[in-house]
Number of protein chains: 2
Amino acid sequence: MDEMPARMAAKPSWLITQLAVHTRRLVFDAFAAAGSRGHHYRALAVLHEFGAVSQAELGRRSRMDRSDVVAAVNELVEQGLVDRSPDPDHGRRNKVTVTRAGVRHLRRMDGVVDQVQDDLLQPLSAEERQTLTRLLGRVLARHEDL
Amino acid sequence: MDEMPARMAAKPSWLITQLAVHTRRLVFDAFAAAGSRGHHYRALAVLHEFGAVSQAELGRRSRMDRSDVVAAVNELVEQGLVDRSPDPDHGRRNKVTVTRAGVRHLRRMDGVVDQVQDDLLQPLSAEERQTLTRLLGRVLARHEDL
DNA sequence: GAGTAATGTTGGTGCCACCAACGAATGAGC
DNA sequence: GCTCATTCGTTGGTGGCACCAACATTACTC
């Protein structure tokens, strides 16, 4: 691989965005091979951990725009992995729930995701992986609450 | 900010791609405020550090697709920041060079980029920043040569 | 000299984040 | 109660970034 400018190679912003490109590809390929996609996994994860929620809350918890949630839920409904029904207590709101098949699919994808972590962090020791995760978590947290 | 699923919050792949979103926004906004863009900075950095190169090499060194290089160089030429001329020794190849104004612009953008690093890593100490940079660099290097 | 590779260019694709607007419905302040 | 602001689902669209296919032209390899 050709050498890149030194001023770029040393910048955290470059390292993060560039590594994210590779990461996205790993994740995308792994999901694609299993017939799924990132948005789907995120939605299923939210529904599994927080129970039935509205699409709006689903979007907030999975960091997705409302409009993207619509598409994701549409696709998941079509695959029988979630159910969408109007919330009886709440006129406008939808209640989205994972199906049995959805939970099974989520479990499979959990395995896929774990595999990706291993591919991604291959050059690092267990301790280094932990350090990296901790530091990234702190930086991200800072940027999430403003 | 709403809580996200625990299985996601702990995954390096999630932390990296999600932090990259915030990073891209910081970089994009900072560049936009200075009337520039990421591709432009990358191209100028390559030209400044490696001298006059072909568009193909420019793309390889800045991790851009050849087609994206065409657009970036077009725009930079229009702003007078680079010159594009046919390589005399090489029929098909173009020789791209930074202009005086291009170097000045690059220097300004260097300052902008440095500021972004500070915003980005605010919660970390100097030592932690160094650790993070080193770990990210190692992981990225691994994924760049296969 | 013939076949392969590289170059610049055009014109796409797709993911992901995001925005604007809208009608419908809920919630808060008074 | 009634008004006003907010929330919700949905449609349709933007833009950055990475990437791919094809093509004509030129260089490189054997």
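In what follows, chains are A, B, ... by sequence order, proteins preceding strands, each numbered from 1.
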With distance as the sole test, does Glu49(A) use its side chain to make a donor-acceptor pair with the main-chain N or O of Ala6(B) at under 3.5 Å?
yes
Is the phosphate of dT10(D), meaning OP1 or OP2, less than 4.0 Å from a side-chain N or O of Arg84(A)?
yes
Thr17(B) near the nucleic acid: base, sugar-phosphate alone, or nothing, with a heavy-atom cut-off under 4.0 Å?
nothing
How is Asn94(B) classified with respect to the nucleic acid when contacts are heavy atoms under 4.0 Å: base, sugar-phosphate, or nothing?
sugar-phosphate
Could you tell me whether the side chains of Arg129(A) and Gln117(A) share a donor-acceptor contact shorter than 3.5 Å?
no
It should be established whether His90(A) places a side-chain nitrogen or oxygen under 4.0 Å from OP1 or OP2 of nucleotide dG27(C).
yes
More than 12 foreign heavy atoms under 6.0 Å from CZ of Arg84(B): is that the case here?
yes
Main-chain N/O of Val103(B) paired with His48(B) side-chain donor or acceptor, under 3.5 Å
no
From CZ of Arg63(B) across to P of dA18(D) the rounded distance in Å is 11 Å
Taking only residues two or more places apart in sequence, or in another chain, which ones meet Arg37(A) in a salt bridge (charged side-chain N to carboxylate O under 4.0 Å, His left out)?
Glu75(A)
Does a side-chain N or O of His39(B) approach OP1 or OP2 of dA18(D) to a distance below 4.0 Å, or not?
yes
Please give, in whole Å, the distance from dG16(D) C1' to Leu26(B) CG?
15 Å
Could you check Asp89(B) against Arg60(A) and say which one's nearest nucleotide on DNA chain D is further toward the 5' end?
Arg60(A)
Between dT7(C) and Arg93(B), is there an OP1 or OP2 to side-chain N/O distance shorter than 4.0 Å?
yes
So, under a plain 3.5 Å distance rule, would you say the side chain of Arg92(B) forms a donor-acceptor pair with the base of dT26(D)?
no
To the nearest Å, how far apart are Lys95(B) NZ and dA27(D) P?
15 Å
Let me know the distance between CZ of Arg24(B) and C1' of dT14(D), rounded to the nearest Å.
17 Å
Interatomic distance where CG belongs to Asp65(A) and C1' belongs to dA21(C) [whole Å]
13 Å
Hey, are Gln18(B) and Arg63(A) close enough side-chain-wise for a donor-acceptor pair under 3.5 Å?
no
Take the protein atom CZ of Arg37(B) and the nucleotide atom C1' of dG15(D), then report the distance between them rounded to whole Å.
9 Å
Counting distance alone, no hydrogens or angles: does the base of dC20(D) have a donor or acceptor under 3.5 Å from a partner atom on the side chain of Ser67(B)?
yes
From CZ of Phe28(B) over to C1' of dC18(C), roughly how many Å is that when rounded to an integer?
11 Å
Phosphate-side-chain proximity, Asn74(B) and dT9(C), N/O vs OP1/OP2 below 4.0 Å
no
Is the shortest side-chain N/O distance from Gln55(A) to OP1 or OP2 of dT10(D) below 4.0 Å?
yes
Taking any heavy-atom pair under 4.0 Å as a contact, classify Arg66(B): base, sugar-phosphate, or nothing.
base
So, under a plain 3.5 Å distance rule, would you say the side chain of Asp68(B) forms a donor-acceptor pair with the base of dC17(D)?
no
In whole Å, I'd like the distance from the CG atom of Asp29(B) to the C1' atom of dA17(C).
13 Å
Hey, does the side chain of Arg42(B) come within less than 4.0 Å of dG16(D)'s phosphate (OP1/OP2), counting only N and O?
no
